[in-house]
Amino acid sequence: MPLTPPAEPDPEPKMNWASFYAVISGVNRHSTGIGRIWLSVLFIFRILVLVVAAESVWGDEKSGFTCNTQQPGCNSVCYDHFFPISHIRLWALQLILVSTPALLVAMHVAHRRHVDKRIYKLSGRTNPKDLEQIKSQKMKITGALWWTYVISLFFRVIFEVTFMYLFYMIYPGYKMIRLVKCDSYPCPNTVDCFVSRPTEKTVFTVFMLAVSGVCILLNIAEVVFLVGKACSKHLHDAGDTSMGAWIQQKLRLL
Amino acid sequence: MSWPALYAQLVGANRHSTSLGKIWLSVLFIFRVMVLMVAAETVWGDEQSDFVCNTLQPGCENVCYDQFFPVSHIRLWCLQLVFVAAPTLLVSMYVAYRNHGDKKKLLQISSRTGFLSSKSPEEELEALKRRRLPITGPLWWTYFISVVAKLLIEVGFMYALYVVYDGFQMPRLVQCDQWPCPNLVDCFISRPTEKTIFTVFMATASSICMVLNGAELAYLVTKAITRSLSRKDGRPTSREKTWRGTNERSPGSLRRCN
């Protein structure tokens with residue numbers, strides 16, 4: 001009997017997460033150290049795991065969903081009733097929405113560079129080396145950029161928490177049950193329907209939830225770091241009061 | 001040619017866009033193309049295989065599927081995204097045409113006056129390629145027409161989707177009595193709730209793009225009006241000052257003797 005080769009996974013989605021990575025990692029240059037760790041955690045433990053593992057676990061979610069009836073349409077209707085939106089789609093949307101605030105920062109940096117370039121041109125410094133230097137220099141996270149960055153962090157946390165809540169609402173307890181009972185039309189009575197790979201799905205749901213929690217903690221740590229840095233900078237600039245010097249000393253010890 | 005190739009083309013044209021145009025491009029690629037590719041295509045993947053009718057009559061499922069889904073959502077969205085991206089290529093074509101004309105002029109000048117400039121002709125040509133054209137004159141009109149075209153295409157496709165599927169909601173059950181179905185049969189659509197969620201999401205993203213296009217049109221018109229008013233006063237705008245400065249330098253530097 002001829003062996004059929006395993007179906008090749010569709011390369012298109014991987015290519016798109018890869019181009020998404022290229023877009024988002026461009027922002028990396030202007031992030032803090034914690035921001036870069038967050039980005040690595042996002043790409044390695046969430047996007048990569050989603051593409052490489054989770055998508056195959058949920059691959060047969062509909063074809064493997066079986067109800068104890070031969071009534072045509074009962075399977076579809078019960079599946080739709082218990083799974084209004086699949087975990088995979090929710091995670092994909094969560095990852096896209098959580099990554100986009102970083103683009104706010106990228107846009108702000110681009111705007112600042114544009115303004116710097118115009119100032120250079122108006123002041124007569126049109127040496128192409130100077131203009132190239134503006135492009136490649138790392139922006140300091142101060143002033144309006146600081147606010148944009150902190151606001152983007154808040155949005156990230158809000159999106160993460162919203163999606164975690166959505167997950168909890170749609171799939172109570174984050175657990176995937178083995179058996180659901182369904183009596184929607186056209187099922188003739190209350191039928192038993194069996195979910196495919198419930199334990200594996202629970203394992204991955206808990207894993208993605210844990211990594212999501214880690215990302216939230218990293219974002220909060222980044223906010224605290226930025227606020228602390230801004231405060232210490234203000235104390236430094238506020239002159240050498242004895243109180244200021246004391247607080248600075250304490251912060252340096254931390 | 002695939003989505004990343006289209007992205008590469010559009011990013012090239014992006015250099016000559018307004019800031020709103022750049023935001024529009026990001027929204028298009030992240031919230032529409034990406035979502036379509038990584039999420040929506042899998043939701044609609046089994047739309048025909050899992051379209052089940054309550055009958056054993058061969059051919060009934062095919063005929064009923066065809067009646068209720070003349071064009072799949074996914075195909076409509078792909079077409080919409082391709083058509084919406086096309087007017088931006090109008091702008092790149094105009095910029096390429098302008099650059100070609102300016103290149104010829106530059107080569108003519110340098111061949112007439114000889115290579116007496118501090119900058120080599122290759123550097124001059126590179127600077128020409130890399131410069132950002134201000135959105136004035138014929139470029140303004142090209143850009144304006146491209147944004148209007150984008151807006152009309154978006155509206156057209158949203159309307160087509162609404163008309164073909166009678167709203168943005170996907171029903172769970174449709175009733176069909178096309179030949180060869182023996183009587184009025186119930187047909188069940190797969191994943192209707194998930195499809196409704198994604199249809200609403202894509203419609204929202206499309207509306208955001210339409211709002212951005214409208215804002216860009218308003219911005220272009222306002223800029224043109226302020227420019228013509230300040231020109232009437234005889235004062236050149238700051239853009240024109242810097243542009244004239246950049247452009248006049250190139251032929252001027254060729255005339256300088258070392």
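Below, chain A is the first sequence line, B the second, and so on; all start at residue 1.
If you measure heavy-atom distances from B/Phe29 to chain A, you find no contacts under 4.5 Å at all. When heavy atoms are compared at a cutoff of 4.5 Å, A/Gln70 does not approach chain B at all. For B/Cys187, no part sits under 4.5 Å from any heavy atom of chain A, backbone or side chain. For a residue to count as touching a neighbouring chain, one of its non-hydrogen atoms must lie under 4.5 Å from one of that chain's; by this rule A/His81 touches chain B with backbone and side chain alike. Contact annotation for B/Phe51: neither backbone nor side-chain heavy atoms come within less than 4.5 Å of a heavy atom of chain A. For chain B, the nearby part of A/Ser184 is the side chain; its heavy atoms alone come within less than 4.5 Å. Neither the backbone nor the side chain of A/Leu50 comes within contact range of chain B; no heavy atom of the residue lies under 4.5 Å from a heavy atom of that chain. Only the backbone of B/Ile189 comes within contact range of chain A, with heavy atoms under 4.5 Å apart.
Annotation: A/Tyr21, atom OH; neighbour count of heavy atoms from other residues, nucleotides and ligands within 6.0 Å does not exceed 12. Counting heavy atoms of neighbouring residues, nucleotides and ligands inside a 6.0 Å radius, atom CG of B/Asp166 does not exceed 12 of them. Counting non-hydrogen atoms of neighbouring residues, nucleotides and ligands closer than 6.0 angstrom, the CZ atom of A/Phe45 reaches no more than 12 such neighbours. Under a cut-off of 6.0 angstrom, the local environment of CZ in B/Phe68 is crowded, with over 12 non-hydrogen atoms contributed by other residues, nucleotides or ligands. Within 6.0 Å of OH on A/Tyr174 lie more than 12 heavy atoms contributed by other residues, nucleotides or ligands. Within 6.0 Å of CG on B/Leu56 lie no more than 12 heavy atoms contributed by other residues, nucleotides or ligands. Within 6.0 Å of OH on A/Tyr168 lie no more than 12 heavy atoms contributed by other residues, nucleotides or ligands. Around CZ of A/Arg36, the count of heavy atoms belonging to other residues, nucleotides or ligands within 6.0 Å exceeds 12.
When all heavy atoms are compared, the tightest approach of A/Pro84 to B/Ile197 is O-CD1, 4.1 Å. For the pair B/Phe188 and A/Gly73, the tightest heavy-atom approach, listed with the atom from each and the gap, is CD1-CA, 3.1 Å. Nearest heavy-atom pair, B/Glu194 versus A/Ser86, reported as atom, atom and distance to 0.1 Å: OE2-N, 3.0 Å.
By number of non-hydrogen pairs under 4.5 angstrom with chain B, the leading residue of A/Ile88, A/Leu103, A/Leu93 is A/Leu93. Ranked by heavy-atom pairs under 4.5 Å with chain B, the list A/His111, A/Arg89, A/Met107 is led by A/Arg89.
Every ring-ring contact (aromatic ring centres under 6.0 Å, His included) that A/His87 has, sequence neighbours left out, goes to A/Trp58, A/Trp91, A/Phe167, A/Tyr171.
If you take CD1 on B/Ile30 and OG1 on A/Thr100, they are separated by 6.5 Å, rounding to the nearest 0.5 Å. Between the OH atom of A/Tyr185 and the CZ atom of B/Arg172 there is a distance of 13.0 Å, given to the nearest 0.5 Å. Of the inter-residue distances, the one linking B/Asp50 atom CG with A/Ser63 atom OG reads 7.5 Å to the nearest 0.5 angstrom. Distance check: B/Met34 CE to A/Phe20 CZ gives 5.5 Å after rounding to the nearest 0.5 Å. We find the OH-OG1 distance between A/Tyr79 and B/Thr193 to be 10.0 Å, quoted to the nearest 0.5 Å. With rounding to the nearest 0.5 Å, the separation of OG in B/Ser190 from CG in A/Asn75 is 11.5 Å.
Not one N or O on the side chain of B/Asn54 forms a donor-acceptor pair closer than 3.5 Å with the backbone of A/Pro72.
Scanning residues 74-82 of chain B against chain A with a 4.5 Å non-hydrogen threshold yields no residues.
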(request) Please step through side-chain contact (heavy atoms from CB on, under 4.5 Å) for the pair B/Val38 and A/Ile96, ending with a clear verdict. (result) CA-CA 10 Å; B/Val38 307; A/Ile96 290 171; 4.2 Å; yes

